[in-house]
Amino acid sequence: FAPQVSTTRLRKCFKSISMSPTDDLDIHVMVNGMPGPMATAAAEACLRKGLKLTPVAMTGPDVEPMTIMVYDPVSEKSSEVKLIPSTQRDDVAASIQGLKEACGEKNVLAIDYTHPSAVNSNADFYVEQKLPFVMGTTGGDREKLVDGVNAAKHFAVIAPNMAKQIVAMQAALEDLAKKYPGAFSSYTMACKESHQKTKADTSGTAKAVIDSLKELSDDDFTYDDIQMIRDDQEALDFGVPEDALKGHAFHRYTLTSADGSTQFALEHNVAGRTIYAEGTADAVKFLAERLQEGGEGKVYTMINVLESGALE
Ligand SMILES: NC(=O)C1=CN([C@@H]2O[C@H](COP(=O)(O)OP(=O)(O)OC[C@H]3O[C@@H](n4cnc5c(N)ncnc54)[C@H](OP(=O)(O)O)[C@@H]3O)[C@@H](O)[C@H]2O)C=CC1
Ligand SMILES: O=C(O)C1=N[C@H](C(=O)O)C[C@H](O)C1
């Protein structure tokens, strides 16, 4: 597949990769960030949930162009994807436009699981290309990200965590903070999070949870106070199973009273990445529905997706 390929060839290409009788949706997803683990898990979940993968996607700037086979062992569906380095934006842009001509403007969306350093430039690129997107990548300038997408009236789901139950917990915390602001005033906060040692940034989820906890407590806790574990032995000591060292997210937050007599603790511990991948594919379906409804685009959160009932 070449970016300048004709619309007719693209149509044939889509037919050849989407023959499975269980394919039920005409939604084509460009999953950017493969062969990284999270993007790959999301691509597999897309296949599992009846979405199609575009034959071209964006990979890291230093990766040689290559073609990979995405295979979902549950549905036994597979799809070939050519990965183009993010430095070759013109080629990716030509592919997106070809895909839209072949599949319909509203049927091509993107998922981004790349690198914190790429968040803002990738989002700008999706806006330029009029490509609705689900941004799972954490980090970057989050305010600029959300403001830019909203100002462009572009369709996007942006969230640091796509796991249904964690999103539900975040929604509950937001409600608690709204209903009982300052309920934990004078309590001190602490947060420890452990992730695989390749993780580039502080957990975006931990930052979001801290934002809610800060509405409940008057502690002057900052993101710099989050204790990060990126070491295998420390992770094991924190309770991470050995077979999850390469992919886990263990979080523990505490609120402790001034005299130390009372402590509240909140934990969410995830081994592997499936739970986020499932939520990501559901978010794509949610976004595709908003596109079909028409109107102006905007940033949706995963709480919006949860409230719509779209998280399976
Ligand atoms: N929202 C959620 O629920 C979740 C979010 N995440 C977030 O997802 C992100 C990715 O996680 P993970 O897969 O573990 O990270 P990795 O760093 O292991 O993989 C990222 C991949 O993206 C590639 N990449 C880097 N820059 C670009 C770019 N500009 N365009 C396209 N691809 C690029 C990298 O290539 P190379 O390294 O070769 O340059 C690599 O293959 C992180 O920010 C993480 O916090 C993770 C889990 C859940
Ligand atoms: O990098 C990860 O792995 C994860 N990143 C997200 C975050 O930064 O909060 C979500 C989850 O913690 C896994």
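All values reported here derive from a predicted model rather than from experimental measurement. One is the number of the first residue; the rest follow in order along the sequence.
Geometrically, Arg290 engages Phe286 in a cation-pi contact defined by less than 6.0 Å to the ring centre and at most 45° from the axis. A cation-pi arrangement is present between Arg89 and Phe125, with the terminal nitrogen or guanidinium carbon under 6.0 Å from the aromatic centre and inside a 45° cone about the axis.
A single hydrophobic cluster is not seen to contain both Val240 and Ile275; linkage of ILVMFWY side chains at heavy-atom distances under 4.5 Å, directly or through other members, places them apart. Under the 4.5 Å side-chain contact rule for hydrophobic residues, Met228 and Leu213 do not share a cluster.
Here the side chain of Glu105 pairs no donor or acceptor atom with the backbone of Lys100 at under 3.5 angstrom. Looking at Asp225, its side chain does come within 3.5 Å of a backbone N or O of Thr222 through a donor-acceptor pair. Distance alone, capped at 3.5 Å, places no donor-acceptor pair between the Ser261 side chain and the Ser257 backbone. The main-chain N or O of Glu312 is found under 3.5 Å from a side-chain atom of Asp282 such that the two form a donor-acceptor pair.
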Inset, instruction - Verify side-chain hydrogen bond (donor to acceptor under 3.5 Å, both in side chains) between Tyr187 and Asp218, making sure each step is shown before the conclusion. - result: CA-CA 7 Å; Tyr187 277 59; Asp218 52 7; over 6 Å; no

Legend entry - CA sep, side-chain torsions, deciding dist, call: Leu173, Gln170, side-chain contact (heavy atoms from CB on, under 4.5 Å): CA-CA 5 Å; Leu173 276 178; Gln170 289 181 280; 5.7 Å; no

Legend entry - Pair Tyr126-Asn32, side-chain hydrogen bond (donor to acceptor under 3.5 Å, both in side chains): steps then yes or no: CA-CA 11 Å; Tyr126 302 139; Asn32 297 321; 2.9 Å; yes

Inset, instruction - Kindly determine whether Glu278 and Lys164 satisfy salt bridge (charged side-chain N to carboxylate O under 4.0 Å, His left out), including the steps that lead there. - result: CA-CA 9 Å; Glu278 298 281 319; Lys164 178 179 182 176; over 6 Å; no

Inset, instruction - Determine, stepwise, if the pair Val270 / Phe250 fulfils side-chain contact (heavy atoms from CB on, under 4.5 Å). - result: CA-CA 6 Å; Val270 176; Phe250 275 41; 5.9 Å; no

Inset, instruction - Kindly indicate, with the supporting measurements, whether the criterion side-chain hydrogen bond (donor to acceptor under 3.5 Å, both in side chains) is fulfilled by Ser217 and Asp219. - result: CA-CA 5 Å; Ser217 155; Asp219 193 348; 4.9 Å; no

Inset, instruction - Please report the C-alpha distance between Val81 and Thr54 in whole Å, then the side-chain angles of each, then the deciding distance to 0.1 Å, and finally whether the side-chain contact (heavy atoms from CB on, under 4.5 Å) criterion is met. - result: CA-CA 7 Å; Val81 182; Thr54 61; 5.5 Å; no

Inset, instruction - Tell me, with the steps shown, if Lys52 and Asp26 meet salt bridge (charged side-chain N to carboxylate O under 4.0 Å, His left out). - result: CA-CA 7 Å; Lys52 295 174 186 115; Asp26 195 34; 3.7 Å; yes

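Taking each heavy atom of Lys197 and Arg230 in turn, the nearest pair found is CB-O, 3.0 Å. When all heavy atoms of Ala177 and Ser212 are compared, the closest pair comes out as CB-O, 3.8 Å. Smallest separation of non-hydrogen atoms from Val56 and Met30: O-CE, 3.2 Å. Residue Thr59 comes nearest to Met34 through the heavy atom pair OG1-O, 2.7 Å, listed as atom of the first residue, atom of the second, then distance. Minimum heavy-atom separation, Ser79 to Leu47: CB-CD2, 4.1 Å. Contact between Ala39 and Val31 at its shortest, heavy atoms only, is O-CG1, 3.3 Å.
Considering CZ of Arg273 and NZ of Lys246, their distance stands at 10.5 Å, rounded to 0.5 Å. The CD atom of Glu289 sits 9.0 Å away from atom NZ of Lys285, with the distance rounded to the nearest 0.5 Å. A distance of 10.5 Å separates CG in Asn150 from CD in Glu296, rounded to the nearest 0.5 Å. Rounding to the nearest 0.5 Å places CD1 of Ile68 at 11.5 Å from OG of Ser78. Lys207 NZ to Tyr223 OH: the interatomic distance, rounded to the nearest 0.5 Å, is 7.0 Å. One finds the NE2 atom of His251 at 13.5 Å from the NZ atom of Lys192 (value rounded to the nearest 0.5 Å).
Environment of CD in Gln292: crowded, with over 12 heavy atoms of neighbouring residues, nucleotides or ligands closer than 6.0 Å. Around the CD atom of Glu293, the shell of radius 6.0 Å holds more than 12 heavy atoms that belong to other residues, nucleotides or ligands. Within 6.0 Å of NZ in Lys130 there are 12 or fewer heavy atoms belonging to other residues, nucleotides or ligands.
Using modelled atom types, one finds no donor on one side chain facing an acceptor on the other under 3.5 Å when comparing Asp141 with Asn120. Under 3.5 Å, the side chains of Thr67 and Glu80 contain no donor-acceptor pair of N or O atoms. In summary, the side chains of Gln233 and Asp231 do not present any donor paired with an acceptor at a separation below 3.5 Å, with no hydrogens or angles considered. Under 3.5 Å, the side chains of Ser75 and Asp72 contain a donor-acceptor pair of N or O atoms. The closest side-chain donor-acceptor pair between Tyr300 and Ser308, if any, does not fall under 3.5 angstrom.
Among residues two or more places apart in sequence or in another chain, the ring-ring contact (aromatic ring centres under 6.0 Å, His included) test is passed with Tyr71 by none. With sequence neighbours excluded, no residue forms a ring-ring contact (aromatic ring centres under 6.0 Å, His included) with His115.
Among the candidates His248, Glu234, Arg252, the single residue satisfying the side-chain hydrogen bond (donor to acceptor under 3.5 Å, both in side chains) test with Ser194 is His248.
Taking the six-membered ring wherever Trp is involved, the centroid distance between the rings of Tyr253 and His268 falls below 6.0 Å.
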